[in-house]
Amino acid sequence: MEKRMSLEEEKRGKRESAGRRIGTQEMVLCGVFTTLIAVGAFIKVPVPVVPFTLQFLFTMLAGLLLGGRRGAMSVGVYILLGLVGLPVFAEGGGFWYILKPSFGYLLGFMLAAYVTGRMVERRERLSVGWVMAVNFLGLFIVYAAGMVYYYVVCNYVIDTPIALGPLFLYCFVLAVPGDIGLCILAAILTVRVRPVFQKMTGEGQRK
């Protein structure tokens, strides 16, 4: 009886220890991607007409490599850090940022990271084409959230009206080509790098 109890206590101790390791590992990985997202906001790629940053790439990779929950958490922590005043956004930080028309894209990043991450989690074998399709869904989510927020804030909050035509031109047509390229890059990186993340987090063993 005593031996059985000691074995059960030993197993319980191992489970608790594993749980603590997983919790610490999650925080570290989420922290790494939160940092990458912040850095990505300031890495501007000079292209004609509309320069773009690498922020979208890192928010996508957060969901694709960490999974939906942890990916969204990484983006969410980044947003919270910016709202409390840390200058991690492209134009600084502070709670006033919610009044910026472009803030909707940040919310779209978090939602897209969760959705794409969940989709990848449920699939055992990944192909570049399939992940690319998932990324395009994430791209749609980001731009849908961003454009709706932009339109509402401009027309009903800060009184700088914008029509649907200019909104579609400047917030989608001129901006999306670079992000399409990032979707393709993220798909290639995910297929090659995700097995490494699975070994690090023990996901492959749990499956």
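Small disclaimer: the values here were computed from a predicted structure and weren't measured.
Among Phe33, Phe58, Phe89, Tyr97, the one residue that satisfies the ring-ring contact (aromatic ring centres under 6.0 Å, His included) test with Tyr78 is Phe89. When Val75, Leu36, Ile43, Leu106 are each tested for a side chain to side chain contact (heavy atoms under 4.5 Å, CB included) with Gln55, only one passes: Leu106. Shown are Thr190, Ile184, Val191; of these, the side chain to side chain contact (heavy atoms under 4.5 Å, CB included) with Ile188 is made only by Ile184.
Leu139 CG to Met60 CE: the interatomic distance, rounded to the nearest 0.5 Å, is 7.5 Å. Summarising the geometry, atom SG belonging to Cys154 is positioned 8.0 Å from atom CG belonging to Leu167; distances are rounded to the nearest 0.5 Å. Atom CE of Met147 is separated from atom OH of Tyr151 by 11.5 Å, given to the nearest 0.5 angstrom. The line from CG of Leu54 to NZ of Lys44 is 10.5 Å long, rounded to the nearest 0.5 Å.
Leu57 and Ala186 get closest at one heavy-atom pair: CD1-CB, 3.8 Å. Contact record, Ile79 with Met110: CD1-CB, 4.4 Å, taken as the closest heavy-atom pair. Annotation for Leu99 and Ile158: closest pair O-CG2, 3.9 Å, computed over non-hydrogen atoms. The minimum heavy-atom distance linking Ala112 with Ile141 is given by the pair N-CG2, 4.0 Å.
Because its NZ or CZ atom is not both nearer than 6.0 Å to the ring centre of Phe103 and within 45° of the ring axis, Lys100 does not count as a cation-pi partner of that residue.
Side chain of Ser74 to backbone of Ala62: no donor-acceptor contact under 3.5 angstrom is found. Here the side chain of Tyr143 pairs no donor or acceptor atom with the backbone of Tyr105 at under 3.5 angstrom.
Counting only heavy atoms from C-beta outward, the side chains of Leu164 and Phe168 never approach each other to under 4.5 Å. Residues Cys183 and Phe56 have side chains in contact (heavy-atom distance under 4.5 Å, counting atoms from C-beta outward). By the 4.5 Å heavy-atom criterion applied to side chains, Val84 and Phe95 are not counted as neighbours. Annotation: side chain of Leu126 is in contact with side chain of Arg194 (closest heavy-atom distance under 4.5 Å). For the pair Leu107/Tyr149, a side-chain contact is recorded, criterion being any heavy-atom separation below 4.5 Å from C-beta on. Looking only at side-chain heavy atoms (C-beta outward), Asn135 and Leu64 come within less than 4.5 Å of each other.
A single hydrophobic cluster is not seen to contain both Leu81 and Phe42; linkage of ILVMFWY side chains at heavy-atom distances under 4.5 Å, directly or through other members, places them apart. Side-chain heavy atoms closer than 4.5 Å link hydrophobic residues (I, L, V, M, F, W, Y) into clusters, and following such links, even through other members, never connects Leu66 to Leu80.
Open room surrounds OH on Tyr114; 12 or fewer heavy atoms of other groups in view lie less than 6.0 Å from it. No more than 12 heavy atoms of other residues, nucleotides or ligands shown are found within 6.0 angstrom of OH on Tyr150. Within 6.0 Å of the CZ atom in Phe140, the count of heavy atoms belonging to other residues, nucleotides or ligands does not exceed 12.
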>> Met73 vs Met27, test: side-chain contact (heavy atoms from CB on, under 4.5 Å). Steps then yes/no.
In response: CA-CA 10 Å; Met73 187 187 306; Met27 287 190 293; over 6 Å; no
